[in-house]
Amino acid sequence: MARAESGLAPQAEARQPARGRRGWRALAWAAAAFALALAAYAADVATHPIRLTMGWFDLNIYNHAGLIVRHAPDTLYTWHFLPGVQYLYTPFAALGFAVGSLLPWAVLKWLMTVVSLAAMVLTVWVTFGQLGWRGRDRAAAVLGVSAVALWTEPVLRSVQVGQIELVLMALIAWDLCQSDDGRWKGVGVGLAAGIKLVPLIFIPYLLLAGKRRQAAVATAVFAGTVVIGFAALPHDSVKWWLTGYFLHAGDFSNTSQGSLLNQSLLALVTRTPAGAGSVTVLWLLLAALLGCLGLASAALFARTGRPTAGWVTCAVTGVLISPISWDNHWVWIVPVFVLLADAGFRARGAARWGYWGFGAALAAVFADWPTHWTGRLAFVPHGLVGFDVRRHPMSEIFHLSGLQLVSWNFFVLGGLVMFAFMVGWAWLARRDRRGAAVT
(Lines give C-alpha, C1' and ligand atoms only; values in the text may rest on other atoms or scores of the structure.)
Protein backbone atom coordinates (compact mmCIF):
# COMPACT_ATOMS: atom_id res chain seq x y z
CA MET A 1 0.00 0.00 0.00
CA ALA A 2 1.06 3.65 -0.42
CA ARG A 3 3.19 5.04 2.38
CA ALA A 4 1.16 7.43 4.52
CA GLU A 5 4.27 9.29 5.56
CA SER A 6 5.18 10.10 1.97
CA GLY A 7 2.14 12.31 1.43
CA LEU A 8 1.35 10.38 -1.76
CA ALA A 9 -1.78 8.57 -0.59
CA PRO A 10 -4.75 8.61 -3.00
CA GLN A 11 -7.69 10.87 -2.18
CA ALA A 12 -10.11 8.13 -1.15
CA GLU A 13 -11.39 9.31 2.22
CA ALA A 14 -12.11 12.54 4.02
CA ARG A 15 -9.42 13.77 6.36
CA GLN A 16 -10.14 12.98 10.00
CA PRO A 17 -11.22 16.28 11.62
CA ALA A 18 -9.56 17.85 14.62
CA ARG A 19 -11.70 17.60 17.74
CA GLY A 20 -12.65 19.98 20.54
CA ARG A 21 -10.69 23.09 21.40
CA ARG A 22 -7.85 22.27 19.04
CA GLY A 23 -10.12 22.57 15.99
CA TRP A 24 -11.70 25.82 17.17
CA ARG A 25 -8.30 27.27 18.02
CA ALA A 26 -6.98 26.50 14.53
CA LEU A 27 -10.05 28.10 12.96
CA ALA A 28 -9.64 31.24 15.10
CA TRP A 29 -5.95 31.61 14.21
CA ALA A 30 -6.65 31.08 10.51
CA ALA A 31 -9.48 33.61 10.53
CA ALA A 32 -7.23 36.13 12.26
CA ALA A 33 -4.47 35.59 9.68
CA PHE A 34 -6.92 36.07 6.81
CA ALA A 35 -8.40 39.21 8.38
CA LEU A 36 -4.89 40.60 8.93
CA ALA A 37 -3.94 39.99 5.29
CA LEU A 38 -7.10 41.71 4.05
CA ALA A 39 -6.66 44.61 6.47
CA ALA A 40 -3.01 45.09 5.49
CA TYR A 41 -3.87 45.31 1.81
CA ALA A 42 -6.82 47.62 2.47
CA ALA A 43 -4.54 49.87 4.51
CA ASP A 44 -1.99 49.89 1.69
CA VAL A 45 -4.67 50.95 -0.79
CA ALA A 46 -6.02 53.62 1.56
CA THR A 47 -2.65 55.22 2.37
CA HIS A 48 -1.07 55.37 -1.11
CA PRO A 49 -2.10 56.85 -4.47
CA ILE A 50 -4.59 54.48 -6.06
CA ARG A 51 -2.46 54.16 -9.21
CA LEU A 52 0.26 52.47 -7.13
CA THR A 53 -1.95 49.88 -5.47
CA MET A 54 -4.87 49.34 -7.86
CA GLY A 55 -5.31 51.06 -11.22
CA TRP A 56 -7.42 48.34 -12.93
CA PHE A 57 -5.38 48.63 -16.15
CA ASP A 58 -6.51 45.31 -17.67
CA LEU A 59 -10.11 45.82 -16.57
CA ASN A 60 -10.05 49.18 -18.33
CA ILE A 61 -9.11 47.41 -21.56
CA TYR A 62 -11.90 44.85 -21.04
CA ASN A 63 -14.39 47.64 -20.37
CA HIS A 64 -13.38 49.63 -23.44
CA ALA A 65 -13.54 46.47 -25.56
CA GLY A 66 -17.07 45.94 -24.28
CA LEU A 67 -18.00 49.51 -25.25
CA ILE A 68 -16.54 48.95 -28.72
CA VAL A 69 -18.58 45.76 -29.15
CA ARG A 70 -21.69 47.77 -28.34
CA HIS A 71 -20.93 50.80 -30.51
CA ALA A 72 -18.29 49.97 -33.18
CA PRO A 73 -17.78 46.18 -33.19
CA ASP A 74 -15.88 45.98 -36.49
CA THR A 75 -12.95 47.88 -34.92
CA LEU A 76 -12.43 45.50 -31.98
CA TYR A 77 -9.08 44.15 -33.22
CA THR A 78 -7.80 47.33 -34.86
CA TRP A 79 -8.51 49.67 -31.92
CA HIS A 80 -5.64 50.59 -29.58
CA PHE A 81 -6.23 51.32 -25.91
CA LEU A 82 -2.77 52.90 -25.85
CA PRO A 83 -0.05 52.84 -28.53
CA GLY A 84 0.84 49.16 -28.89
CA VAL A 85 -1.85 47.99 -26.42
CA GLN A 86 -4.79 46.15 -28.00
CA TYR A 87 -7.61 43.84 -26.97
CA LEU A 88 -6.25 40.28 -27.12
CA TYR A 89 -9.07 37.98 -26.01
CA THR A 90 -11.65 36.09 -28.07
CA PRO A 91 -14.81 37.56 -29.61
CA PHE A 92 -16.82 35.43 -27.17
CA ALA A 93 -15.03 37.06 -24.23
CA ALA A 94 -15.76 40.49 -25.71
CA LEU A 95 -19.48 39.73 -25.51
CA GLY A 96 -19.13 39.19 -21.77
CA PHE A 97 -17.14 42.40 -21.44
CA ALA A 98 -19.92 44.19 -23.32
CA VAL A 99 -22.34 43.14 -20.60
CA GLY A 100 -19.92 44.36 -17.92
CA SER A 101 -19.58 47.73 -19.67
CA LEU A 102 -23.24 48.42 -18.92
CA LEU A 103 -22.24 49.04 -15.30
CA PRO A 104 -20.85 52.38 -14.17
CA TRP A 105 -17.05 52.29 -14.01
CA ALA A 106 -17.01 53.07 -10.28
CA VAL A 107 -19.21 50.03 -9.66
CA LEU A 108 -17.47 47.72 -12.13
CA LYS A 109 -13.93 48.22 -10.83
CA TRP A 110 -14.80 47.49 -7.20
CA LEU A 111 -17.11 44.64 -8.16
CA MET A 112 -14.25 43.06 -10.09
CA THR A 113 -12.01 43.48 -7.03
CA VAL A 114 -14.49 41.67 -4.77
CA VAL A 115 -15.18 38.96 -7.37
CA SER A 116 -11.46 38.33 -7.87
CA LEU A 117 -10.81 37.91 -4.15
CA ALA A 118 -13.86 35.66 -3.82
CA ALA A 119 -12.66 33.59 -6.79
CA MET A 120 -9.30 33.04 -5.10
CA VAL A 121 -11.00 31.83 -1.90
CA LEU A 122 -13.38 29.65 -3.92
CA THR A 123 -10.42 27.99 -5.63
CA VAL A 124 -8.91 27.13 -2.25
CA TRP A 125 -12.29 25.92 -0.94
CA VAL A 126 -13.07 23.50 -3.78
CA THR A 127 -9.47 22.22 -3.88
CA PHE A 128 -9.46 21.33 -0.20
CA GLY A 129 -12.87 19.76 -0.68
CA GLN A 130 -11.60 17.45 -3.41
CA LEU A 131 -8.72 16.49 -1.13
CA GLY A 132 -11.22 15.24 1.45
CA TRP A 133 -11.31 18.13 3.93
CA ARG A 134 -14.63 18.74 5.64
CA GLY A 135 -16.27 20.93 8.25
CA ARG A 136 -14.26 23.09 10.63
CA ASP A 137 -10.91 21.76 9.42
CA ARG A 138 -11.75 22.72 5.87
CA ALA A 139 -12.77 26.24 6.89
CA ALA A 140 -9.56 26.72 8.89
CA ALA A 141 -7.37 25.39 6.08
CA VAL A 142 -9.10 27.58 3.49
CA LEU A 143 -8.68 30.73 5.57
CA GLY A 144 -5.04 29.89 6.36
CA VAL A 145 -3.97 29.23 2.77
CA SER A 146 -6.03 32.18 1.49
CA ALA A 147 -4.20 34.40 3.97
CA VAL A 148 -0.85 33.27 2.54
CA ALA A 149 -2.12 33.76 -1.02
CA LEU A 150 -3.14 37.34 -0.24
CA TRP A 151 0.51 38.22 0.37
CA THR A 152 1.64 36.92 -3.05
CA GLU A 153 2.44 39.09 -6.06
CA PRO A 154 0.45 37.15 -8.70
CA VAL A 155 -2.77 37.32 -6.66
CA LEU A 156 -2.41 40.97 -5.67
CA ARG A 157 -1.25 41.94 -9.15
CA SER A 158 -4.36 40.30 -10.64
CA VAL A 159 -6.53 42.25 -8.21
CA GLN A 160 -4.59 45.45 -8.86
CA VAL A 161 -5.01 45.42 -12.65
CA GLY A 162 -8.46 43.79 -12.67
CA GLN A 163 -7.17 40.73 -14.53
CA ILE A 164 -9.62 37.90 -15.25
CA GLU A 165 -7.10 35.17 -14.34
CA LEU A 166 -8.42 34.54 -10.81
CA VAL A 167 -11.95 34.11 -12.14
CA LEU A 168 -10.81 31.66 -14.82
CA MET A 169 -8.78 29.71 -12.26
CA ALA A 170 -11.83 29.41 -9.98
CA LEU A 171 -14.01 28.31 -12.91
CA ILE A 172 -11.56 25.59 -13.94
CA ALA A 173 -10.88 24.43 -10.36
CA TRP A 174 -14.62 24.25 -9.60
CA ASP A 175 -15.22 22.25 -12.78
CA LEU A 176 -12.39 19.76 -12.26
CA CYS A 177 -13.28 19.24 -8.59
CA GLN A 178 -16.74 17.97 -9.54
CA SER A 179 -17.51 14.28 -9.39
CA ASP A 180 -16.65 12.34 -12.54
CA ASP A 181 -20.26 11.18 -12.53
CA GLY A 182 -21.40 14.76 -13.05
CA ARG A 183 -23.09 15.12 -16.41
CA TRP A 184 -21.71 18.59 -17.10
CA LYS A 185 -18.15 18.19 -15.90
CA GLY A 186 -15.96 19.87 -18.50
CA VAL A 187 -18.23 22.88 -19.01
CA GLY A 188 -15.97 25.15 -16.95
CA VAL A 189 -12.87 24.16 -18.89
CA GLY A 190 -14.67 24.76 -22.20
CA LEU A 191 -15.93 28.18 -21.12
CA ALA A 192 -12.51 29.23 -19.82
CA ALA A 193 -10.87 28.15 -23.10
CA GLY A 194 -13.52 30.10 -25.00
CA ILE A 195 -12.39 33.24 -23.18
CA LYS A 196 -8.65 32.58 -23.21
CA LEU A 197 -6.97 29.81 -25.22
CA VAL A 198 -4.39 28.62 -22.67
CA PRO A 199 -6.96 26.47 -20.74
CA LEU A 200 -7.23 24.27 -23.86
CA ILE A 201 -4.35 22.29 -22.33
CA PHE A 202 -6.84 20.74 -19.91
CA ILE A 203 -8.60 18.90 -22.76
CA PRO A 204 -5.65 16.61 -23.65
CA TYR A 205 -5.12 16.18 -19.90
CA LEU A 206 -8.68 14.90 -19.53
CA LEU A 207 -8.18 12.55 -22.48
CA LEU A 208 -4.91 11.14 -21.13
CA ALA A 209 -6.48 10.77 -17.68
CA GLY A 210 -9.15 8.52 -19.19
CA LYS A 211 -11.93 11.09 -18.81
CA ARG A 212 -13.12 11.03 -22.40
CA ARG A 213 -16.68 12.18 -21.73
CA GLN A 214 -15.47 15.20 -19.76
CA ALA A 215 -13.00 16.03 -22.55
CA ALA A 216 -15.84 15.80 -25.09
CA VAL A 217 -18.01 18.14 -23.01
CA ALA A 218 -15.16 20.67 -22.71
CA THR A 219 -14.50 20.48 -26.47
CA ALA A 220 -18.18 20.91 -27.31
CA VAL A 221 -18.57 23.90 -25.00
CA PHE A 222 -15.42 25.51 -26.42
CA ALA A 223 -16.75 24.98 -29.95
CA GLY A 224 -20.03 26.52 -28.83
CA THR A 225 -18.24 29.69 -27.70
CA VAL A 226 -16.65 29.96 -31.14
CA VAL A 227 -20.06 29.58 -32.82
CA ILE A 228 -21.59 32.21 -30.54
CA GLY A 229 -18.72 34.55 -31.39
CA PHE A 230 -19.30 34.10 -35.13
CA ALA A 231 -23.05 34.61 -34.74
CA ALA A 232 -22.75 37.80 -32.68
CA LEU A 233 -19.50 39.28 -34.05
CA PRO A 234 -18.90 37.75 -37.49
CA HIS A 235 -16.37 40.32 -38.72
CA ASP A 236 -14.26 40.13 -35.56
CA SER A 237 -14.50 36.33 -35.47
CA VAL A 238 -13.25 36.03 -39.02
CA LYS A 239 -10.28 38.23 -38.15
CA TRP A 240 -9.53 36.37 -34.90
CA TRP A 241 -9.93 32.76 -36.10
CA LEU A 242 -9.49 32.75 -39.88
CA THR A 243 -6.62 35.19 -40.43
CA GLY A 244 -4.35 33.71 -37.75
CA TYR A 245 -4.71 36.76 -35.51
CA PHE A 246 -5.11 34.52 -32.45
CA LEU A 247 -1.61 33.15 -33.07
CA HIS A 248 -0.14 36.64 -32.71
CA ALA A 249 -2.44 38.06 -30.06
CA GLY A 250 0.28 37.81 -27.45
CA ASP A 251 2.69 40.02 -29.39
CA PHE A 252 5.65 37.67 -29.70
CA SER A 253 8.20 40.35 -30.54
CA ASN A 254 11.54 40.08 -28.77
CA THR A 255 10.67 43.10 -26.64
CA SER A 256 7.42 41.48 -25.43
CA GLN A 257 9.01 38.06 -25.03
CA GLY A 258 11.83 39.46 -22.95
CA SER A 259 9.67 41.84 -20.92
CA LEU A 260 10.32 41.62 -17.20
CA LEU A 261 6.67 40.80 -16.51
CA ASN A 262 6.67 37.88 -18.95
CA GLN A 263 7.52 34.89 -16.75
CA SER A 264 7.29 32.03 -19.24
CA LEU A 265 9.78 29.49 -20.55
CA LEU A 266 10.03 31.49 -23.79
CA ALA A 267 10.88 34.63 -21.80
CA LEU A 268 13.56 32.75 -19.88
CA VAL A 269 15.20 31.59 -23.11
CA THR A 270 14.84 35.04 -24.68
CA ARG A 271 16.65 36.70 -21.78
CA THR A 272 19.71 34.48 -22.20
CA PRO A 273 22.52 35.49 -24.61
CA ALA A 274 20.92 33.13 -27.17
CA GLY A 275 17.87 35.38 -27.18
CA ALA A 276 19.66 37.99 -29.29
CA GLY A 277 18.86 35.71 -32.23
CA SER A 278 15.81 33.61 -32.97
CA VAL A 279 14.93 31.23 -30.12
CA THR A 280 11.65 29.99 -31.58
CA VAL A 281 12.93 26.53 -32.51
CA LEU A 282 14.68 26.06 -29.17
CA TRP A 283 11.58 27.22 -27.29
CA LEU A 284 9.29 24.93 -29.32
CA LEU A 285 11.53 21.94 -28.54
CA LEU A 286 11.67 22.75 -24.83
CA ALA A 287 7.95 23.52 -24.68
CA ALA A 288 7.11 20.25 -26.41
CA LEU A 289 9.33 18.34 -23.97
CA LEU A 290 7.86 20.01 -20.89
CA GLY A 291 4.34 19.80 -22.28
CA CYS A 292 4.56 16.05 -22.89
CA LEU A 293 6.24 15.39 -19.55
CA GLY A 294 3.77 17.60 -17.68
CA LEU A 295 0.68 16.09 -19.30
CA ALA A 296 1.99 12.55 -18.76
CA SER A 297 2.65 13.29 -15.09
CA ALA A 298 -0.75 14.93 -14.67
CA ALA A 299 -2.43 11.89 -16.20
CA LEU A 300 -0.42 9.60 -13.91
CA PHE A 301 -1.72 11.50 -10.90
CA ALA A 302 -5.31 11.19 -12.10
CA ARG A 303 -4.99 7.48 -12.87
CA THR A 304 -3.49 6.74 -9.43
CA GLY A 305 -6.32 8.40 -7.52
CA ARG A 306 -4.81 11.88 -7.17
CA PRO A 307 -6.96 14.09 -9.44
CA THR A 308 -6.14 17.34 -7.64
CA ALA A 309 -2.42 16.92 -8.16
CA GLY A 310 -3.26 16.03 -11.78
CA TRP A 311 -5.04 19.20 -12.77
CA VAL A 312 -2.66 21.40 -10.75
CA THR A 313 0.31 19.86 -12.60
CA CYS A 314 -1.48 20.48 -15.89
CA ALA A 315 -2.06 24.12 -14.92
CA VAL A 316 1.58 24.74 -13.98
CA THR A 317 2.63 23.12 -17.27
CA GLY A 318 0.32 25.44 -19.20
CA VAL A 319 1.72 28.57 -17.59
CA LEU A 320 5.30 27.46 -18.27
CA ILE A 321 4.89 26.60 -21.94
CA SER A 322 2.55 29.45 -22.90
CA PRO A 323 4.64 31.96 -24.91
CA ILE A 324 3.37 34.90 -22.85
CA SER A 325 2.75 34.30 -19.14
CA TRP A 326 2.58 37.59 -17.30
CA ASP A 327 3.41 37.71 -13.62
CA ASN A 328 -0.28 37.62 -12.66
CA HIS A 329 -0.79 34.39 -14.60
CA TRP A 330 1.10 32.63 -11.82
CA VAL A 331 -1.99 32.72 -9.60
CA TRP A 332 -1.89 28.95 -10.09
CA ILE A 333 0.55 28.82 -7.17
CA VAL A 334 -2.59 29.06 -4.98
CA PRO A 335 -3.71 25.43 -5.51
CA VAL A 336 -0.04 24.40 -5.26
CA PHE A 337 -0.07 25.84 -1.73
CA VAL A 338 -3.19 23.76 -1.02
CA LEU A 339 -1.49 20.57 -2.20
CA LEU A 340 1.59 21.21 -0.08
CA ALA A 341 -0.48 22.10 3.00
CA ASP A 342 -2.53 18.91 2.61
CA ALA A 343 0.53 16.75 2.00
CA GLY A 344 2.19 18.18 5.10
CA PHE A 345 -0.82 17.44 7.30
CA ARG A 346 -1.00 13.86 6.03
CA ALA A 347 2.76 13.25 6.38
CA ARG A 348 4.81 12.68 9.52
CA GLY A 349 8.20 13.75 10.81
CA ALA A 350 10.75 15.15 8.37
CA ALA A 351 8.45 14.67 5.38
CA ARG A 352 5.87 17.01 6.93
CA TRP A 353 8.44 19.76 7.46
CA GLY A 354 9.79 19.15 3.98
CA TYR A 355 6.42 19.83 2.37
CA TRP A 356 5.79 22.89 4.52
CA GLY A 357 9.33 24.16 4.04
CA PHE A 358 8.94 23.91 0.28
CA GLY A 359 5.64 25.76 0.52
CA ALA A 360 7.26 28.49 2.63
CA ALA A 361 10.10 28.85 0.10
CA LEU A 362 7.61 29.25 -2.76
CA ALA A 363 5.64 31.78 -0.73
CA ALA A 364 8.84 33.79 -0.21
CA VAL A 365 9.68 33.74 -3.93
CA PHE A 366 6.17 34.75 -5.03
CA ALA A 367 5.50 37.16 -2.13
CA ASP A 368 4.60 40.76 -2.95
CA TRP A 369 7.57 42.28 -1.14
CA PRO A 370 7.65 46.10 -0.96
CA THR A 371 10.28 48.15 -2.74
CA HIS A 372 10.64 50.48 0.27
CA TRP A 373 10.20 49.89 3.98
CA THR A 374 10.23 53.55 4.97
CA GLY A 375 9.27 56.89 3.47
CA ARG A 376 6.46 57.96 1.17
CA LEU A 377 6.42 54.68 -0.79
CA ALA A 378 6.77 52.40 2.22
CA PHE A 379 5.08 49.02 1.78
CA VAL A 380 3.91 49.60 -1.79
CA PRO A 381 3.79 46.02 -3.20
CA HIS A 382 6.38 45.09 -5.81
CA GLY A 383 7.55 41.48 -5.48
CA LEU A 384 10.95 39.93 -6.09
CA VAL A 385 10.78 39.87 -9.89
CA GLY A 386 13.25 42.41 -11.14
CA PHE A 387 14.36 43.67 -7.72
CA ASP A 388 17.86 44.02 -9.25
CA VAL A 389 16.72 45.43 -12.59
CA ARG A 390 18.58 48.76 -12.81
CA ARG A 391 17.69 51.06 -15.66
CA HIS A 392 18.95 50.08 -19.09
CA PRO A 393 17.64 49.86 -22.68
CA MET A 394 15.35 46.91 -23.46
CA SER A 395 17.93 45.76 -26.03
CA GLU A 396 20.16 44.78 -23.13
CA ILE A 397 17.79 42.06 -21.94
CA PHE A 398 20.04 39.67 -23.89
CA HIS A 399 23.07 40.60 -21.81
CA LEU A 400 21.86 40.00 -18.26
CA SER A 401 24.19 38.17 -15.95
CA GLY A 402 24.54 37.05 -12.37
CA LEU A 403 21.89 38.10 -9.87
CA GLN A 404 20.07 40.17 -12.45
CA LEU A 405 19.55 37.14 -14.71
CA VAL A 406 18.07 35.29 -11.73
CA SER A 407 15.90 38.18 -10.55
CA TRP A 408 14.35 38.71 -14.00
CA ASN A 409 13.27 35.06 -14.03
CA PHE A 410 12.22 34.42 -10.43
CA PHE A 411 8.69 33.22 -11.19
CA VAL A 412 9.57 31.02 -14.14
CA LEU A 413 12.46 29.49 -12.16
CA GLY A 414 10.10 28.91 -9.24
CA GLY A 415 7.65 27.39 -11.70
CA LEU A 416 10.30 25.02 -13.05
CA VAL A 417 11.09 23.90 -9.50
CA MET A 418 7.37 23.29 -8.89
CA PHE A 419 7.17 21.42 -12.19
CA ALA A 420 10.13 19.18 -11.30
CA PHE A 421 8.60 18.50 -7.88
CA MET A 422 5.23 17.53 -9.38
CA VAL A 423 6.80 15.32 -12.03
CA GLY A 424 8.90 13.52 -9.41
CA TRP A 425 5.85 13.17 -7.16
CA ALA A 426 3.84 11.65 -10.05
CA TRP A 427 6.43 9.02 -10.87
CA LEU A 428 6.83 8.13 -7.19
CA ALA A 429 3.06 7.60 -7.07
CA ARG A 430 3.34 5.30 -10.10
CA ARG A 431 6.13 3.31 -8.40
CA ASP A 432 4.10 3.01 -5.19
CA ARG A 433 1.10 1.74 -7.14
CA ARG A 434 3.20 -0.90 -8.87
CA GLY A 435 4.66 -1.93 -5.51
CA ALA A 436 1.16 -2.25 -4.05
CA ALA A 437 0.09 -4.40 -7.01
CA VAL A 438 3.04 -6.74 -6.48
CA THR A 439 2.43 -7.14 -2.74
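Summarising the geometry, atom OG1 belonging to Thr270 is positioned 9.5 Å from atom CH2 belonging to Trp283; distances are rounded to the nearest 0.5 Å. Put simply, CE on Met422 and CG on Leu293 are 12.0 Å apart, with the number rounded to the nearest 0.5 Å. Remark: Phe301 CZ to Cys314 SG distance equals 12.5 Å, nearest 0.5 Å. Here the straight-line distance linking atom CG of Leu339 with atom OH of Tyr355 works out to 10.5 Å at 0.5 Å rounding. The distance from the CG atom of Leu171 to the CE atom of Met169 is 11.5 Å, given to the nearest 0.5 Å. To the nearest 0.5 Å, atom CG of residue Leu268 and atom CZ of residue Phe411 are 14.5 Å apart.
Counting only N and O atoms by type, the side chains of Trp133 and Asp342 include a donor and acceptor under 3.5 Å apart. A donor-acceptor contact under 3.5 angstrom links the side chains of Trp56 and Thr113, judged on distance only.
Residues Ile195 and Tyr89 approach most closely at O-CD2, 3.3 Å, considering heavy atoms. Residues Thr53 and Gln160 share a closest heavy-atom pair of O-CG, 3.4 Å. Closest approach of Ala30 and Gly144 over heavy atoms only: CB-N, 3.8 Å. Contact detail for Ile333 and Pro154: the closest heavy-atom pair is CD1-CG, 4.3 Å. In this structure, Gly186 and Asp175 approach most closely via the heavy-atom pair N-OD1, 2.8 Å. Considering all non-hydrogen atoms of both residues, Val159 and Met54 come closest at O-CE, 3.7 Å.
Atom CH2 of Trp369 has 12 or fewer heavy atoms from other residues, nucleotides or ligands within 6.0 Å.
Between Phe246 and Trp240, the ring planes are tilted. Angles from 30° to 60° get that label.
A donor-acceptor contact shorter than 3.5 Å links the side chain of Arg134 to the backbone of Gly129. No donor-acceptor pair closer than 3.5 Å links the side chain of Ser322 to the backbone N or O of Ser325. With Arg271 contributing its side chain and Trp408 its backbone, the two residues share a donor-acceptor pair below 3.5 Å. A donor-acceptor pair under 3.5 Å links the side-chain atoms of Arg303 to the main chain of Leu208, judged by distance alone. Side chain of Thr313 to main chain of Gly294: no donor-acceptor pair is present (N/O by atom type, distance under 3.5 Å, no hydrogens or angles). With Arg306 contributing its side chain and Thr304 its backbone, the two residues share a donor-acceptor pair below 3.5 Å. Judged purely by atom type and a 3.5 angstrom limit, Ser101 uses its side chain to pair as donor or acceptor with the backbone of Ala98. At least one donor-acceptor pair closer than 3.5 Å links the side chain of Arg352 to the backbone N or O of Gly344.
Within the 4.5 Å cutoff, the side chain of Leu59 has heavy atoms near those of the Trp105 side chain. For the pair Asp137/Phe345, no side-chain contact is recorded, criterion being any heavy-atom separation below 4.5 Å from C-beta on. Between Trp125 and Val338 there is no side-chain heavy-atom pair separated by less than 4.5 Å. Contact annotation: the side chain of Arg136 approaches that of Trp24 to within less than 4.5 Å [non-hydrogen atoms, C-beta and beyond]. Residues Lys185 and Asp180 form a side-chain contact, since some pair of their non-hydrogen atoms from C-beta on lies under 4.5 Å apart. At a threshold of 4.5 Å between non-hydrogen side-chain atoms, the residues Leu206 and Leu176 count as touching. Using a 4.5 Å heavy-atom cutoff, the side chains of Met418 and Leu362 are in contact. Between Phe81 and Asn60 there is a side-chain heavy-atom pair separated by less than 4.5 Å.
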Working for side chain to side chain donor-acceptor pair (under 3.5 Å), residues Trp311 and Gln130: CA-CA 12 Å; Trp311 60 261; Gln130 190 177 48; 2.9 Å; yes
Glu165 vs Arg157, side-chain contact (heavy atoms from CB on, under 4.5 Å): CA-CA, chis, key distance, verdict: CA-CA 10 Å; Glu165 202 70 23; Arg157 179 73 171 173; over 6 Å; no
Can you list the steps and then say if Trp79 with His64 is a side-chain contact (heavy atoms from CB on, under 4.5 Å)? CA-CA 10 Å; Trp79 157 80; His64 278 74; 3.5 Å; yes
Checking Glu153 against Asn328 for the side-chain contact (heavy atoms from CB on, under 4.5 Å) test, could you report, in this order, the C-alpha distance in whole Å, the side-chain angles of both residues, the deciding distance, and whether it holds? CA-CA 7 Å; Glu153 197 269 4; Asn328 52 63; 5.9 Å; no
Would you check, one step at a time, whether the test side-chain contact (heavy atoms from CB on, under 4.5 Å) holds for Trp326 with Gln263? CA-CA 6 Å; Trp326 303 120; Gln263 292 290 305; over 6 Å; no
Please report the C-alpha distance between Tyr87 and Tyr62 in whole Å, then the side-chain angles of each, then the deciding distance to 0.1 Å, and finally whether the side chain to side chain donor-acceptor pair (under 3.5 Å) criterion is met. CA-CA 7 Å; Tyr87 173 74; Tyr62 304 157; over 6 Å; no
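Here Trp151 and Tyr41 keep their ring centres 6.0 angstrom or further from each other.
With Pro91 as reference, Leu233 is the one residue of Ile228, Leu233, Val69 to meet the side-chain contact (heavy atoms from CB on, under 4.5 Å) rule.
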